[in-house]
Q: 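Right, I'll just put the structure down here and ask away after.
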Amino acid sequence: MIDRDYSGLRVAVLGSTGSVGTQALDVIRELGCKVVFLSARSNAELLSCQTSEFLPEAVCLTYPKKRDGFVFPKIGNTELFLGEKAHVNCIKALDVDVIIHAVSGLSGIPSALEASKKGVRLAVANKEAIITLGDLILDNIKKSGGVLIPVDSEHSAIFQCLLTNRGDLSQIRKLILTASGGPFFGYTAEMLANVTPAMALAHPTWKMGPKITVDSSTLMNKGFEIIEAVRLFGVDESAVEVVVHRQSIIHSMVEYIDSTVIAQLGSPDMRAPILYSLTYPERVGSPVAPLDLIGISKLTFDKPDDNVFPLLKTARRAIREGGVAPATLISADEAAVASFLEGTISFDKIPIVVEKTMDKASNDRDISVENVFSAVSEADRIAKQIITEL
Ligand code: NDP
Ligand code: MG
């Protein structure tokens, strides 16, 4: 099916045991690229299976579990590294063409920063690094002669729509992000009070890791994606519109000043943007199912309900406040979602925890790595305190 030779393409997958990471390896298996490095947080079993299959030069577990009885076996010539520092050092030492960054959460920041300095293609799925330190990452990429290709499906779509205009941002009127609406589309605020973790973890169209699945159900994920779009494409927050599109067939759109709208369509399958991030600017045969437009028959569009899903507004507030406010937003949401999944708070309290944390956190800091990390710990502390008081 693949009509070009990618066997010489040297690829690293950070967060290879997760939802995006495993799908990236599915695509890499099809393309026949050379995997040189894999990493995960603590899933030693799956990482060792991946090591046996792809025989990378090195692998790393950043937080190996001490007492689960599994000993990572010696496999071929693959070197095993342990710990966060070793992870960053491995990235620094990599001889690689593409780094797929699919680590989840704020803990992906150090590896994203290191990867951005290498002058290679950085295929970024991790949105937390872009939201908090996107300008620095883009600056590193520019200085080192690298290129950033978004993997998040909406931003991959916008990236592709912009190619029709040679990436000339001055001719954009707005970016239109599509949102599936999540499993609670059409719910009232009262109905959300009874949502359980199992209900929030069942996304109608996308199969993803647990954190982003809950964020999709609160629309926090779409709020994050507004900020991600602002960072990646350099537009104002007011030029990013969100439209609920239940079918997840249009992955996002760009409206130009002549009122022409360019949309990118395809089956909702993360392997499509992952594949494109590896083969850009080429397109190759793909395992992704072609669109059956007659079968789909209609595409619908709705206005998101900001009152039932207030986190969309909170995300806009964070980007307007600027500084480290987006880091505060992410950290507060991580604490709130973790408490919801543990059963400590109800679903409808997630936005309350996030909004109250934003109110209390100090945001007098310029964006720097140090300030982002101190905002993250401050927000985590404030959010956890608010949770105990609810
Ligand atoms: P998962 O929770 O499924 O996977 C996360 C991966 O990151 C796992 O391999 C995990 O290892 C690893 N990991 C976590 N922390 C660290 C760390 N400190 N160092 C190294 N590896 C680490 O998440 P997803 O794949 O769903 O999402 C990954 C990122 O991509 C997120 O930022 C998400 O927002 C974004 N994204 C995801 C999409 C999706 O469809 N899933 C779509 C668009 C964006 P372990 O298994 O050992 O815990
Ligand atoms: Mg997305």
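Counting starts at 1 for both ligands and their atoms, in listed order. Note that the coordinates shown come from a computational prediction; the quantities given were computed from them, not determined experimentally.
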Q: With sequence neighbours left out, write down each residue that passes side-chain contact (heavy atoms from CB on, under 4.5 Å) with Pro210, or none if nothing qualifies.
A: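 Leu201.
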Q: Within the 3.5 Å criterion, strictly below it, is a donor on Arg173 or Ser259 matched to an acceptor on the partner's side chain?
A: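 Yes, a side-chain donor-acceptor pair sits under 3.5 Å.
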Q: Do Thr78 and Glu57 get their side chains close enough for a donor-acceptor pair, meaning under 3.5 Å?
A: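 No pair is found: no donor N or O on one side chain lies under 3.5 Å from an acceptor on the other.
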Q: How many protein N, O or S atoms are found at a distance of less than 2.8 Å from the Mg ion (ligand 2)?
A: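 Every protein N, O or S atom under 2.8 Å from the Mg ion (ligand 2) counted, the figure is 3.
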Q: Extract all donor-acceptor atom pairs below 3.5 Å that involve side chains of residues 160-167 and protein atoms in other chains or at least two apart in sequence.
A:
{"unit_1": "Gln160", "atom_1": "OE1", "unit_2": "Arg283", "atom_2": "NH1", "d": "3.4"}
{"unit_1": "Gln160", "atom_1": "OE1", "unit_2": "Arg283", "atom_2": "NH2", "d": "2.8"}
{"unit_1": "Gln160", "atom_1": "NE2", "unit_2": "Ser156", "atom_2": "O", "d": "3.4"}
{"unit_1": "Gln160", "atom_1": "NE2", "unit_2": "Ser156", "atom_2": "OG", "d": "3.0"}
{"unit_1": "Thr164", "atom_1": "OG1", "unit_2": "Cys161", "atom_2": "O", "d": "2.8"}
{"unit_1": "Asn165", "atom_1": "ND2", "unit_2": "Asp168", "atom_2": "O", "d": "3.3"}
{"unit_1": "Asn165", "atom_1": "ND2", "unit_2": "Gln171", "atom_2": "OE1", "d": "2.9"}

Q: Distance only, no hydrogens: is a donor on one side chain within 3.5 Å (strictly under) of an acceptor on the other, for Ser116 and Asn140?
A: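 Ser116 vs Asn140: donor-acceptor pair found between side chains.
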Q: For the residue pair Thr62 and His87, confirm or rule out a side-chain donor-acceptor distance under 3.5 Å.
A: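 Thr62 vs His87: no donor-acceptor pair found between side chains.
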Q: Compile the protein residues with any heavy atom at a distance under 4.0 Å from an atom of ligand 1; present them by chain, then by number.
A: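 For ligand 1, the contacting residues are Gly15, Ser16, Thr17, Gly18, Ser19, Val20, Ala40, Arg41, Ser42, Asn43, Thr62, Glu84, His87, Ala102, Val103, Ser104, Gly105, Ser107, Ala125, Asn126, Lys127, Glu128, Asp152, Met208, Gly209, Ile212, Met270.
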Q: Between Asp348 and Ser346, does any side-chain donor sit less than 3.5 Å from a side-chain acceptor?
A: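 Yes.
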Q: Taking atom types as modelled, is there a side-chain donor on Asp5 or Ser7 under 3.5 Å from an acceptor on the other?
A: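 Asp5 vs Ser7: donor-acceptor pair found between side chains.
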Q: Is the closest side-chain heavy-atom distance between Leu133 and Val369 below 4.5 Å?
A: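 Side chain of Leu133 against side chain of Val369, heavy atoms only: contact under 4.5 Å found.
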